[in-house]
Trainee: 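Let me give you the structure first, and then I'll get to my questions.
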Amino acid sequence: MTGHDALRTRPPEALTEEEAAAELAALAAEIAHHDRAYHEKDAPEVSDAEYDALVRRNQAIEGRFPELIRGDSPSRRVGSKPVEGFATVRHGVPMLSLGNVFDEAEFAEFCARIRRFLGLPAEEPLRFVGEPKIDGLSVNLLYEDGRFVRGATRGDGTTGEDITANLRTLRDLPDRLEGIAPRSIEIRGEVFMEKAEFLAFNAKQAALVEEQARRAAAGERIGERARVFANPRNAAAGSLRQLDPKITAGRPLKLFAYAMGAASEAPAATHWDWLGVLRGWSFAVNPLSRLLPDAEAAAAFQAEMTAERAGLGYDIDGVVYKLDRLDWQARLGFVGRAPRWAVAWKFPAEQATTTLLKIEIQVGRTGALTPRAVMQPVNVGGVMVQHATLHNEDEIARKDVRVGDTVVIQRAGDVIPQVVSVVPEKRPEDSAPFAFPETCPACGSHAVRPPGEVVRRCTGGLICPAQTVERLKHFVSRNAMDIEGLGEENIQKLYDEGLVRSPADIFRLSRHAERMRGWEGWGSRSKKGTEESRKVANLLAAIEARRRPPLDRFIFALGIRRIGEVNAKLLARHYHSFAEWREKMLAARVIGSEAREELGSIQGIGPTIAEALVEFFGEERNLAALDDLAGEAPPEPVAAPAAADGPFAGKTVVFTGSLETMTRDEAGDVAERLGAKVAKSVSKRTDFVVVGADAGSKATKAAELGVRVLTEAEWRGMAGLG
DNA sequence: GCACCTCGAGTTCA
DNA sequence: CTCGAGGTGC
């Protein structure tokens, strides 16, 4: 729905070069957007077929205009979503994530929760199966009538990529299940590379890279670039992503099977027996897995694995404990996306020590001053780390972090580095406590910290260059205006050159095309030639492609405090058009006015958020910038969600429990499009409660109040989802 | 008034 | 992903 549909219906041959460039830019942006919606937010906005149509359109145009293929073309991307080759696959049963515990007390709490839920006395032992948690790639293997028919990556848990051909090359994967097999069954496993194999393989890769470099220097053409991998996990992932199964076949990949997904019949009554069944079907099951009679045995097993960890042939980051009895598993169900009957007991995060070189203060788009540690680069768990957030003033004081200190760092939640503590013995004599600045490092304005709040904020607002640049970055970002090719660096450059000071300026950039072409790397043919000379044209095309933004994106892009994606959508849906919204916001500046009441009556908008909006509209310069922008890029009204009739029109619907075929958010979107109002909790004004797996009190309440309860299947039927 | 849930904002690295 | 804080229902 980007306004390019008219163009898209024309065959590529009928396009002028300029049109083609513009459409490729728009397609790249749109596909990237969907990739994100699909992967990161778990909320695809288009069907797979629509998505594929976009990709095919992109390929068709690229085929006709090969010289226009963009550096960021979706067809080149090797990132999250493979665009050629791999199809997407929906798992029969979602592939879940696991809750984590880090010590015996947390594990005991996990056990206590199970007992509470099942109503078991403390004496009743909980029998677990412990399985080393390998750091590899989860895959889902579908067998029908005993034959391997499809294999997929985990993906976002709901849908993954079809990598059947690659998986067939694994020696550990039986093509056929021996003996009695259910008509249809999904088997989950972990694909990984052993440490020794990884080192040998990576050495080969390194040699290959070197050789390619030599040949390139000699002017030879080289095809696919070889690469070295940072760790076994990445190597395994890279190997499974190969479009050519022959390459995968040459990689030393292993597979351990460990769980069952959707199955036409249950092949066992306990998890332990199930592992036995898998072995019988000649799957490799981790031989270290063990049946543990009670929680004490689990704790002992954890200690044992901690000791043995270093000596294992592969990397593990903890042990997974699963309640053995499948009937209990079924009763326990799920909280969110994680089962209540299993947990990952993680080893302590890998730590490293390094020196703190300095503490930088970053200024965010709302003026928040955030301290950031700059450290001597150090390897933590296979990744070089040199920055870590210090969160805020209090955090620095609490840990008494000082410049020059030797600090212990770790990567929390597998990714984000954090400073754990300082090593006081190694502190230089002349060190002083860090003095958090009380003025903005970018504009010198006062930075204030309201009582009771943690964040200190620059009061410079519109005059602060750092805030202005951050707001511009936010404006063009993916979920906002989504202007492809306008990243952080380019925005900074355009700001520094004085070409862009406000969002509206972006839409006037075409006036400065000549000047931009003169910049090094923008159009001046320095080294690489062709691609750079296209940069300005591509950028302008990408900007044009966004000249009619949907109102919700437009509102979000403004970067008003407390107005994120969700609240922006609420506002856009409620006020429908830009003019209406603008007028009502101005009127709402008067406390007690009708417009203010209306604003507060929107579900999800409370007094604080209303206040933030009113504050924005109370600033004359904001209003001027807003109108300037709306003149350049007038927002399109969002379609009114109301459907005049149908079973959900005008009804209030509550979704509860975890739905299998979609997330609650997705379901909510569908319901809204059908004219329903989606609420979070059940009251007597609720018309329908849609109950997913493991619904809790809301389902009970619905029954008490006599509200109509729908199963997921019934809901899908009524909503016309088939 | 309190507990729970959801949203916003900020952040790192390959 | 994680924290803080706002909104809403009990």
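In what follows, every chain begins at residue 1, and chains take the letters A, B, ... in the order their sequences are listed. Predicted, not measured: the structure shown is a model, and the values here were computed from it.
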Trainee: Rounded to whole angstroms, how far apart are CD on Glu360(A) and C1' on dT11(B)?
Mentor: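 These atoms are roughly 13 Å apart.
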Trainee: Between P on dG8(B) and CG on Asn392(A), what's the gap in Å once rounded to a whole number?
Mentor: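 Distance, rounded to whole Å: 21 Å.
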Trainee: To the nearest 0.5 Å, what is the distance between CE (Met193(A)) and CG (Leu137(A))?
Mentor: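 Going from the CE atom of Met193(A) to the CG atom of Leu137(A) covers 10.5 Å.
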Trainee: Quick one: Ile602(A) CD1 to dT8(C) P, roughly how many Å, whole number?
Mentor: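 Atom CD1 in Ile602(A) sits about 11 Å away from atom P in dT8(C).
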Trainee: For Val385(A), which contact category applies under a 4.0 Å heavy-atom criterion: base, sugar-phosphate, or nothing?
Mentor: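 Sugar-phosphate contact only.
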Trainee: In this structure, how many angstroms lie between the P atom of dT2(C) and the CD atom of Gln410(A), rounded?
Mentor: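 In whole Å, dT2(C) P lies 12 Å from Gln410(A) CD.
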Trainee: From the list dG4(C), dG6(C), dC13(B), which nucleotide is the closest neighbour of the side chain of Ile609(A)?
Mentor: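 When the side chain of Ile609(A) is considered, dG6(C) is the closest of dG4(C), dG6(C), dC13(B).
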Trainee: Output the rounded distance in Å from CG (Asn479(A)) to C1' (dG8(B)).
Mentor: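 Interatomic distance, CG of Asn479(A) to C1' of dG8(B): 13 Å.
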Trainee: Taking only the side-chain heavy atoms of Arg561(A) (C-beta and beyond), determine which of dA9(B), dT12(B), dA5(C) contains the nearest atom.
Mentor: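 It is dA9(B).
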Trainee: Looking at dG8(B), I'd like to know if its phosphate oxygens (OP1 or OP2) sit under 4.0 Å from a side-chain N or O belonging to Asn567(A).
Mentor: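 Yes, such a contact exists.
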Trainee: Just the rounded figure in Å: distance from C1' of dG4(C) to CG of Asp394(A).
Mentor: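 Atom-to-atom, Asp394(A) to dG4(C), this comes out as 12 Å.
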Trainee: If the threshold is 4.0 Å, N to carboxylate O, is there a salt bridge linking Glu598(A) and Arg596(A)?
Mentor: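 Not counted as a salt bridge, because no side-chain N and carboxylate O are separated by less than 4.0 Å.
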Trainee: When you compare the side chains of Ser138(A) and Arg154(A), does any donor N or O come within less than 3.5 Å of an acceptor on the partner?
Mentor: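 Absent: no donor and acceptor within the cut-off.
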Trainee: CZ of Arg457(A) versus C1' of dG10(B): gap in Å, rounded?
Mentor: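 These atoms are roughly 10 Å apart.
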Trainee: Tell me the interatomic distance from Ile563(A), atom CD1, to dG8(B), atom C1', rounded to whole angstroms.
Mentor: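 Atom-to-atom, Ile563(A) to dG8(B), this comes out as 10 Å.
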Trainee: Could you check Arg365(A) against Ala373(A) and say which one's nearest nucleotide on DNA chain B is further toward the 5' end?
Mentor: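 Result: Arg365(A).
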Trainee: Indicate whether OP1 or OP2 belonging to dG10(B) is found under 4.0 Å from a side-chain N or O atom of Gln362(A).
Mentor: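 For Gln362(A), the contact criterion (side-chain N or O under 4.0 Å from OP1 or OP2 of dG10(B)) is not met.
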Trainee: According to a strict under-4.0 Å criterion, is Thr608(A) in side-chain N/O contact with OP1 or OP2 of dG7(C)?
Mentor: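 The answer is yes; a side-chain N or O of Thr608(A) sits under 4.0 Å from OP1 or OP2.
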Trainee: For the side chain of Val566(A), counting heavy atoms from C-beta on, which of dT12(B), dC7(B), dA14(B) is nearest?
Mentor: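 Of the options given, the side chain of Val566(A) lies nearest dC7(B).
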Trainee: Counting only side-chain nitrogens and oxygens, does Arg562(A) get under 4.0 Å of the OP1 or OP2 atom of dG6(C)?
Mentor: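 True: Arg562(A) side-chain N/O within range (under 4.0 Å) of dG6(C) OP1/OP2.
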Trainee: Under 4.0 Å between a side-chain N/O of Thr389(A) and OP1 or OP2 of dT12(B), yes or no?
Mentor: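 Answer no for this pair, as no side-chain N or O of Thr389(A) is under 4.0 Å from OP1 or OP2.
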Trainee: Any side-chain N or O of Thr366(A) below 4.0 angstrom from OP1/OP2 of dG8(B)?
Mentor: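 Looking at the OP1 and OP2 atoms of dG8(B), neither is under 4.0 Å from any side-chain N or O of Thr366(A).
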Trainee: Salt-bridged, Arg589(A) to Glu611(A), with N to O below 4.0 Å?
Mentor: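 No, no charged N to carboxylate O under 4.0 Å.
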Trainee: Just to be sure I understand the rule, does Gln386(A) reach a base, reach only the sugar-phosphate, or reach nothing, if contact means heavy atoms closer than 4.0 Å?
Mentor: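 Gln386(A): backbone/sugar contact only, no base atoms under 4.0 Å.
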Trainee: May I ask you to decide if the ring planes of Phe107(A) and Trp345(A) are parallel, tilted or perpendicular, using 30° and 60° as cut-offs?
Mentor: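 The arrangement is parallel - the two ring planes meet at less than 30°.
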